[in-house]
Amino acid sequence: MVRTRTDPARLAWPVAASVVLLGLGGFALGRLSTALLPEALQAWRPALVLLAAGLLLALLARLFVRPFARWLNNRYVLTSMRLIHRRGSVRRSEHQIPLSAVYQLDTMQSLFQRFVGSGTLLVDLGRDRVVTYRNVPQVHVFKDYVVAAVSELPLTLMFDGVDMEIDSDYARREEPGANQEWRGGR
């Protein structure tokens, strides 16, 4: 069994934005707590500090906590029989594909994805049905694992014609009445 999350490189921008936001928030809170604050705002200092801290926490939740929670609760699981994509923490969704239904696997990588080693795995199920797994870390290794799991499936699950062979002795036998003409009635 293989379990992985999406590529953590997607968290680079939220982390960078959070660092900048923390720096600006620290500067603003420091400025509010100094004696250089205008006389008209001196009486409002505790309320302004609470307001600035609350705004800082709300922005941090929006910029970092949401993307981090989304990344943390997004998994790809490969078992010996199926490929599973699980999403969400409060409202969880799960999409399962039996490995016997996999017709073809393709990978795509943007320039950034090639740089960090991730990519998009396209699972072709035939009849114009394609399932896309985005930002799979080490996408080529994951694809090799899927190919190995598909190749280890019993042949009866693959519908490759093994169970459809006709017994030659049975095919030569004629059924009684096979050459008789139907004349209507009973």
Side-chain angles (χ1 to χ4, degrees), residues 1-79 81-99 102 105-125 128-146 149:
M1 181 182 312
V2 177
R3 292 181 189 191
T4 186
R5 289 187 172 92
T6 58
D7 185 29
R10 297 289 170 199
L11 294 175
W13 290 113
V15 167
S18 298
V19 168
V20 169
L21 184 65
L22 285 172
L24 291 174
F27 177 77
L29 288 173
R31 189 82 167 145
L32 285 174
S33 61
T34 64
L36 299 175
L37 197 61
E39 297 269 339
L41 297 177
Q42 290 287 342
W44 293 94
R45 182 185 312 215
L48 289 174
V49 169
L50 284 176
L51 180 67
L55 182 64
L56 178 66
L57 288 176
L59 287 173
L60 275 176
R62 175 79 171 124
L63 287 177
F64 179 72
V65 175
R66 270 183 64 187
F68 181 73
R70 193 175 301 130
W71 172 81
L72 193 63
N73 294 307
N74 195 359
R75 289 181 181 259
Y76 299 126
V77 180
L78 172 65
T79 68
M81 298 297 281
R82 60 181 131 325
L83 188 57
I84 305 167
H85 183 200
R86 292 185 180 136
R87 287 186 289 240
S89 58
V90 175
R91 191 175 72 185
R92 176 158 278 214
S93 68
E94 182 173 292
H95 186 256
Q96 296 186 12
I97 298 173
L99 291 178
V102 174
L105 294 170
D106 291 322
T107 57
M108 292 186 339
Q109 288 181 307
S110 66
L111 184 61
F112 177 73
Q113 286 176 329
R114 275 188 277 161
F115 180 70
V116 297
S118 69
T120 301
L121 182 69
L122 300 167
V123 182
D124 188 355
L125 303 175
D128 295 330
R129 295 178 301 159
V130 177
V131 178
T132 304
Y133 294 101
R134 298 188 193 310
N135 301 315
V136 177
Q138 301 299 318
V139 68
H140 295 294
V141 174
F142 193 78
K143 178 184 173 184
D144 290 341
Y145 285 146
V146 174

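Numbers here simply count residues along the sequence, with the first being 1.
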Determine whether [X] and [Y] make a side-chain contact, defined as any pair of heavy atoms from C-beta on separated by less than 4.5 Å.
X	Y	value
Ile84	His95	no
Leu63	Leu21	yes
Gln96	Leu83	no
Leu105	Asp124	no
His85	Glu94	no
Val131	Leu122	no
Pro67	Leu11	yes

For the residue pair [X] and [Y], what are the closest heavy atoms and their distance?
X	Y	value
Leu60	Leu22	CD1-CD2, 3.5 Å
Phe142	Pro137	CB-O, 4.5 Å
Gln113	Met108	OE1-O, 3.7 Å

Of Ile97, Thr107, Val139, Thr120, the residue whose pairing with Tyr133 passes side chain to side chain contact (heavy atoms under 4.5 Å, CB included):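 Considering Ile97, Thr107, Val139, Thr120, a side chain to side chain contact (heavy atoms under 4.5 Å, CB included) with Tyr133 is found only for Ile97.
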CH2 on Trp44 to CG on Leu50, rounded to 0.5 Å: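 CH2 of Trp44 is found 12.5 Å from CG of Leu50.
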Distance in Å, Arg62 CZ paired with Ser18 OG, rounded so as to fall on 0.5 Å steps: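 Arg62 atom CZ to Ser18 atom OG measures 12.0 Å (nearest 0.5 Å).
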Check: Asn74 side chain, Arg70 main-chain N or O, donor-acceptor pair, under 3.5 Å: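 Between the backbone of Arg70 and the side chain of Asn74 there is no qualifying donor-acceptor contact (under 3.5 Å).
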Donor-acceptor under 3.5 Å (Tyr76 side chain, Arg134 main chain): yes
side-chain hydrogen bond (donor to acceptor under 3.5 Å, both in side chains) evaluation trace for Thr6 with Asn135: CA-CA 5 Å; Thr6 58; Asn135 301 315; 5.8 Å; no
Stacked cation flag Arg10 on Trp71, 6.0 angstrom / 45 deg: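 So Arg10 doesn't make the cation-pi contact.
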Heavy atoms of other groups near Arg129 CZ, more than 12 under 6.0 Å: yes
Arg5 atom CZ, neighbour heavy-atom count above 12 within 6.0 Å: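 Correct, the count exceeds 12.
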